[in-house]
Amino acid sequence: MNTRDVPPPIYLDYAATTPVDPRVVEAMVQALEGTWANAASGHVLGTQARQAVEDARHEVAACLGAGADEIVFTSGATEAVNTAVAGVARAALARGTAHVVTTRIEHQATLDVCTQLEREGVEVTRLVPDADGLLPAQRLREALREDTCLVSLTHVNGEIGTVIDLPALAAVCSDHGVPLHVDAAQSAGKLPIDLTELPVDLLSISAHKLYGPKGAGALYVRKRPKRVLVQPLLFGGGQEGRLRSGTLATHQIVGLASALSLACAEREAEQARLAHLRDELWDRLRRLGGVHLNGHPKRRVGGHLSISIERVEGESLLLALEDLALSRGAACSALTGEPSYVLRALGRDDLLAGSTLRITLGRPTTAQEIEVAAGRIAEEVSRLRALAPAVRA
């Protein structure tokens, strides 16, 4: 059969990346055609590009309950996380000692920058959440020290979909005068975020997680009542308040703002729809027996399902499900071939962690696709179990 005749797989990996919404594409094309000049230039074309950037800045700020002057555009959440965590820690270290608190189930961007900071003399405490992915406020409180300069937490875990109790954890940080950075790459546009109410000092987002372009993100840096001190990672022309030098990619920034605005406007109805489809899928798969739900059963973002399946080898299952585009865990960890560090930190043994499917639904997902996916997963799990029956004692 000609490979061109083979239908594309059903895409169920929206936590890894999302397709760009056609409405976002249209906004980006208009920016590419109409505001392509350098936004730092003083002539009229530069002014037009700069106005497009500032309009986008106000748009992003409005979605987050922030001031426009508190939004710094970046190349994505990884750069935003690095700027927040390394920028605050290095500034603190320059004044004396520095201590950062995070968890063992953060995104690799946070974990890796913390490892680098340790090489530079920063002390890092990595807390272990409960088995459902929630971090008790008391556990965070007990980890804080006089020299704690930053707490960095993920709002929604990208592997298991658990939503932390951000108001309670933010209150702990605020009570102790410790700045809080929140990785909101998996929550922006999916959960309400109002930074006028939440005592969060820094917050990272990425466009490609919410139907915008890859290569665009933003870092919120609170200015009022007091701005946290952040050392920049990049130096040059002094763009973005000297926190992120470099010529601004106007069309990418416009794409981020458009994507976030659309996601926030459609959030409530879309999250309810995805949660319903996710629950339908879980109800079908749990009937197989020996299927474990990862993460909190209720405090989960809509459309996110992580399951570990007994008596099935994860890689074999993925290979058999070539008509479904899904994953075993976060895309950033897929190339290692190792069982998920998130699941192992939460108490799953290597066998179950290695037999995990992360199934994430998105805006284009239909009920028919869920029906097909449930049938295919059940079919292949039953087939693989029959080929490798449980060992008798």
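- Side chain to side chain, H99 and T125 meet the donor-acceptor criterion of an N or O pair below 3.5 Å.
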- Query: Given the rule in the side chain to side chain contact (heavy atoms under 4.5 Å, CB included) test, do L45 and T47 qualify, once you have shown the distances and angles that lead to the verdict?
  - Reply: CA-CA 5 Å; L45 295 179; T47 300; over 6 Å; no

- Message: For a salt bridge (charged side-chain N to carboxylate O under 4.0 Å, His left out) check, start with the C-alpha distance between E310 and R385, then their side-chain angles and the critical distance, and finish with the verdict.
- Response: CA-CA 9 Å; E310 295 178 10; R385 283 177 171 174; 5.6 Å; no

- Could you go step by step and tell me if L134 and R299 meet the side chain to side chain contact (heavy atoms under 4.5 Å, CB included) rule? CA-CA 9 Å; L134 294 179; R299 290 188 62 90; 3.9 Å; yes

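- Judged purely by distance below 3.5 Å, without hydrogens or angles, the side chains of D13 and S327 pair a donor atom with an acceptor atom.
- Donor-acceptor pairing under 3.5 Å is lacking for the side chains of D183 and S152.
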Please set out all donor-acceptor pairs under 3.5 angstrom arising from side-chain atoms of residues 136-144, sequence neighbours excluded.
residue: Q138; atom: OE1; partner: R141; partner atom: NH1; Å: 2.6
residue: Q138; atom: NE2; partner: E142; partner atom: OE2; Å: 3.1
residue: R139; atom: NH1; partner: V128; partner atom: O; Å: 2.7
residue: R139; atom: NH1; partner: D130; partner atom: OD1; Å: 3.1
residue: R139; atom: NH2; partner: D130; partner atom: OD1; Å: 2.9

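- How far CD1 of I164 is from OG1 of T103: 8.5 Å, rounded to the nearest 0.5 Å.
- A salt bridge does not link D55 to R50: none of the charged nitrogens lies less than 4.0 Å from a carboxylate oxygen.
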- So L317 and L321, side chain to side chain contact (heavy atoms under 4.5 Å, CB included) or not? Walk me through it. CA-CA 6 Å; L317 181 57; L321 293 170; 3.8 Å; yes

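- Under the 4.5 Å side-chain heavy-atom criterion for Ile, Leu, Val, Met, Phe, Trp and Tyr, V254 and L256 are members of distinct hydrophobic clusters.
- For the residue pair Q48 / T35, no side-chain donor-acceptor distance below 3.5 Å is found, with atom types taken as modelled.
- Ionic pairing of E79 and R244 is present here: one or more N-O contacts between side-chain nitrogen and carboxylate oxygen are shorter than 4.0 angstrom.
- R273 has no carboxylate O lying under 4.0 Å from a charged side-chain N of E268, or vice versa, which leaves the two without a salt bridge.
- Ion pairing between R376 and E380 holds under the 4.0 Å rule for side-chain N and carboxylate O.
- Residues meeting the side chain to side chain donor-acceptor pair (under 3.5 Å) test with R23, sequence neighbours left out: D21, E266.
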- Test D132 against K298 for salt bridge (charged side-chain N to carboxylate O under 4.0 Å, His left out), laying out the working first. CA-CA 10 Å; D132 54 14; K298 294 183 179 179; over 6 Å; no

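- The hydrophobic cluster containing V221 does not contain V182, counting ILVMFWY residues as joined when their side-chain heavy atoms lie under 4.5 angstrom apart, directly or transitively.
- S258 is linked by a side chain to side chain donor-acceptor pair (under 3.5 Å) to nothing, counting only residues two or more places apart in sequence or in another chain.
- To the nearest 0.5 Å, the span separating CD1 on I309 from CG on L351 amounts to 12.0 Å.
- No hydrogens or angles considered: a donor-acceptor pair under 3.5 Å links the side chains of S204 and H181.
- Between R358 atom CZ and T356 atom OG1 the span is 11.5 Å, to the nearest 0.5 Å.
- Listed by chain and number, the residues in a ring-ring contact (aromatic ring centres under 6.0 Å, His included) with Y14 are Y11 (sequence neighbours excluded).
- Under a 4.0 Å N-O distance rule, the pair E123/R145 qualifies as a salt bridge.
- Side chains of T17 and H208: a donor-acceptor N/O pair is present below 3.5 angstrom, by distance only.
- Under a 4.5 Å side-chain heavy-atom criterion applied to ILVMFWY residues, the cluster that includes V20 comprises V24, V25, M28, V29, L262 as well.
- Classification of R284 and E371 as a salt-bridged pair holds, one side-chain N sitting under 4.0 Å from a carboxylate O.
- In this structure, the side chain to side chain donor-acceptor pair (under 3.5 Å) partners of K190, at least two apart in sequence or on a different chain, are Q186.
- Side chain to side chain, S306 and E159 fail the donor-acceptor criterion of an N or O pair below 3.5 Å.
- Side-chain atoms of H304 and T360 include no donor-acceptor pair closer than 3.5 Å.
- Here the SG-CG distance, from C264 to L64, works out to 6.5 Å after rounding to the nearest 0.5 Å.
- To the nearest 0.5 Å, atoms CG (L277) and CD1 (I370) are separated by 5.5 Å.
- The line from CG of L285 to CG of L357 is 8.5 Å long, rounded to the nearest 0.5 Å.
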